[in-house]
Amino acid sequence: MRFSIASVLALVTLVAKRTSGLEPLPINADDFDEPDWEAILEIAFPTWATPANGCPRLDAIGGDLLPEYSKYPTPEPDKFNPCYYTKAFAGLDPSLGGYPTPIDTHYPYEFAAPFFGQPGDGSVHHCPPDAPSDTDVGACPKLGQCQGVKDCAVISDEYGIGHIPPFVALAAIKNEYNEKQEGGEDICDDWFNYVSGCNIKKNVLDELVYKYFGDGDTIKFQPPILIDGVPSSTYYRLEYGGLDCEDDNCRGPHYCSKEVADAGIIWGDFCPYVHTGEKSGLYRHPHLALAALELWIANQCNPSECPSTWLDSPNAEGYAARDEMTTSITWSEMDDNEDPMAQPILPYTWPNSGDGIYPGLELYGGKPFKPAPGLYVNEVLAATGGAPSPTPAGKGKKGAAKKKLSKKHTKKRRL
C-alpha cells in the first residue's frame, strides 16, 4: 500500500499528538470548577476588542443607554462580536455582529424548519407556511418532544433523538471528555473521521447523550441553571438567564420588557439577551460552546485538518457566503430597528421591514424559499399541505431508533 508524503507527514503529526495525551479542559475556579467556556470560545471564535469600559448597557430592561457604557466595539476581520445582544444577525457575516446558527455549526438535534417565508423560518418551531403574521412562533411545535413532559425528547425510528437544546449535548461531551482524558484514553479515532469536517461523529453524540441523559425511549434533562445553589446536570453559566425577571418578563435567556411579555403572543427569542448590569452583552449560545469544544478536541487530534479557529476550519465551509443563502431567521419589527438592544414593537408586527439592521424577508430575494444549506425538517409544513418541497441536495442520517413518531412527520432534508 502506498502513501503520499503529505499523508505520511499528517499521520506522523497526528500520532505524535496522540501519544502525548489530550489536554485537560481549562477550568474556571470561580464557576464551580466548570470548564472555562469563555477561554474555549475565544479560541474558536476570537472577538473584536471590547470597549475600555465594557460592553454597552441599558439602565433597565427596555430602558435608556447609560452614557458611560455607550461605546460599541468596532468590527475586525475574521473575528466576532464581544458584545452580543440578539440572534437577529446569527448566520450573517460576522462583521454585522452575529455568530453561526446551530444549522451552520451542524448541530444534529436542531431539526430546524425550512425557509419558506413563514414565521419562525429556520428556527426549531414549525409554523405552517400559511401562518398569519401575528402567529406566536414559540407556540408552534418542535420536533420529537415528549407529550406533556417538560425538558424531554422522544427517540424515534424516523429521527432518532428528537430536538434537544445544545446544552444537553455539550454536557454529555464535557463529561465524557473529562472521563476519557483522566483515564488517558485515545478518543480521536472513535470521535472523528474528518470526512465531513471536524465535528464529532453523529453516532458518538447519540451514544453519549443517551449515556448521560437517556431514560427508556426518551432523553430527559435539567435546565442549564443553578438548582438550590448547585449546578444542574447541564449547567452553563453563559446563558445568564433570570438576572432581572421580577415581572415574569424573561423567556429563557431573553429579556423582554414587561409590556412585551404581557402581550402574550410574542416569541421570546425576538427579545434581546442580557443587556443590563455587568453581564450585558456577555451571553453566548451553548451551540457555540459545543462547536468550540468539538473543534478544540479535533485540533488536538488532527491539527493539520482542524485549525483551532472555526472560520478557518472545514466546519465553516461556505459560511455566510451569500445573503440569500444565510440561515438567519426573519425577524420581527422592533421599537428601534437601528438598536441591537431593541424590544419587539407593540402592537406586534412581523416581518421586519428591513429598513434598519434587522433582517426581514428581503433576504429571500423575492423567491418563495431561501436555499440555505443545512438539514431541515418539513414536518408540520408538509402536514398542513402548504409548502412546496425544495430541491434536496442530500438527506440527513437517521439516529438510533427506539420509538416511532406520529405519521405526520415527514422526511428530513438537506437543502
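- Using modelled atom types, one side-chain atom of H125 and one backbone atom of C140 make a donor-acceptor pair closer than 3.5 Å.
- Side-chain N/O atoms of T326 and D323 include no donor and acceptor closer than 3.5 Å.
- One finds no salt bridge joining K370 and D121 here, because no Lys/Arg side-chain nitrogen approaches an Asp/Glu carboxylate oxygen to under 4.0 Å.
- Using a cut-off of 4.0 Å between Lys/Arg side-chain N and Asp/Glu carboxylate O, E34 and K174 are scored as salt-bridged.
- SG distance check for C256 and C271: under 2.5 Å.
- Around NZ of K211, the count of heavy atoms belonging to other residues, nucleotides or ligands within 6.0 Å exceeds 12.
- For the atom pair CG of L170 and CD1 of I164, the computed distance is 11.0 Å after rounding to the nearest 0.5 Å.
- Side-chain contact between W37 and L293 is present, with at least one heavy-atom pair separated by less than 4.5 Å.
- Looking only at distances, a side-chain donor or acceptor of N352 sits under 3.5 Å from a matching main-chain atom of S332.
- Checked against a 6.0 Å centroid threshold, the rings of Y212 and F221 do not count as neighbours.
- In this structure, the side chain of D186 engages the main chain of C188 through a donor-acceptor pair within 3.5 Å.
- Side chain of Y177 to main chain of I297: no donor-acceptor pair is present (N/O by atom type, distance under 3.5 Å, no hydrogens or angles).
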**Message:** Run the side chain to side chain contact (heavy atoms under 4.5 Å, CB included) test on F89 and I357 for me, step by step, so that the C-alpha distance in whole Å, both residues' side-chain angles and the decisive distance to 0.1 Å come before the verdict.
**Reply:** CA-CA 8 Å; F89 320 121; I357 61 176; 3.6 Å; yes
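- Y283 places none of its side-chain heavy atoms less than 4.5 Å from the side chain of Y85.
- A ring-centre distance under 6.0 Å is found for Y376 and F115.
- Side chain to side chain, T234 and Q222 fail the donor-acceptor criterion of an N or O pair below 3.5 Å.
- Atom NE2 of H275 and atom OH of Y84 lie 14.5 Å apart (nearest 0.5 Å).
- Once rounded to the nearest 0.5 Å, the distance linking OH of Y236 with CG of D31 reads 10.5 Å.
- A donor-acceptor pair under 3.5 Å is formed between the side chain of Y99 and the backbone N or O of N81.
- If you take NZ on K201 and CZ on F192, they are separated by 9.5 Å, rounding to the nearest 0.5 Å.
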For a quick test of your reading: what N or O donor-acceptor pairs under 3.5 Å do the side chains of residues 307-317 make, sequence neighbours left out?
{"unit_1": "T309", "atom_1": "OG1", "unit_2": "D312", "atom_2": "OD2", "d": "2.5"}
{"unit_1": "S313", "atom_1": "OG", "unit_2": "W310", "atom_2": "O", "d": "2.8"}
{"unit_1": "S313", "atom_1": "OG", "unit_2": "N315", "atom_2": "N", "d": "3.2"}
{"unit_1": "N315", "atom_1": "OD1", "unit_2": "C198", "atom_2": "N", "d": "2.6"}

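- For Y107 and Y109, the ring centers sit closer than 6.0 Å to each other.
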For side chain to side chain contact (heavy atoms under 4.5 Å, CB included), just list the numbers for T349 and D134, CA-CA rounded to whole Å, side-chain angles, deciding distance to a tenth of an Å, and then say yes or no. CA-CA 7 Å; T349 303; D134 62 353; over 6 Å; no
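- Between the E239 side chain and the R237 main chain, no donor and acceptor come within less than 3.5 Å of each other.
- Between W48 and F80, the gap from one ring centroid to the other reaches at least 6.0 Å.
- The six-membered or imidazole ring of H254 lies away from that of W267, with a centre-to-centre distance of 6.0 Å or more.
- Side-chain atoms of E333 do not come within 3.5 Å of backbone N or O of P344 as any donor-acceptor pair.
- Side-chain polar atoms of E179 and N175 form no donor-acceptor pair below 3.5 angstrom.
- A donor-acceptor pair is defined here as one N or O able to donate and one able to accept, closer than 3.5 Å; no such pair exists between the side chain of Q145 and the backbone of A153.
- A side-chain donor-acceptor contact under 3.5 Å links Q343 to the backbone of S257.
- Counting non-hydrogen atoms of neighbouring residues, nucleotides and ligands closer than 6.0 angstrom, the CD atom of E278 reaches no more than 12 such neighbours.
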Check: residues 62-79 side-chain donor-acceptor pairs under 3.5 Å, at least two apart:
{"unit_1": "S70", "atom_1": "OG", "unit_2": "P67", "atom_2": "O", "d": "2.8"}
{"unit_1": "E76", "atom_1": "OE2", "unit_2": "A49", "atom_2": "N", "d": "2.7"}

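- With rounding to the nearest 0.5 Å, the separation of CD1 in I345 from CG in N337 is 7.5 Å.
- Side-chain atoms of D206 do not come within 3.5 Å of backbone N or O of N203 as any donor-acceptor pair.
- Note that CG of D339 and CG of L58 are 7.0 Å apart. Values are rounded to the nearest 0.5 Å.
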Q: Under the side chain to side chain donor-acceptor pair (under 3.5 Å) rule, what do D215 and T218 come out as? Steps first, then yes or no, please.
A: CA-CA 5 Å; D215 185 1; T218 65; 4.6 Å; no
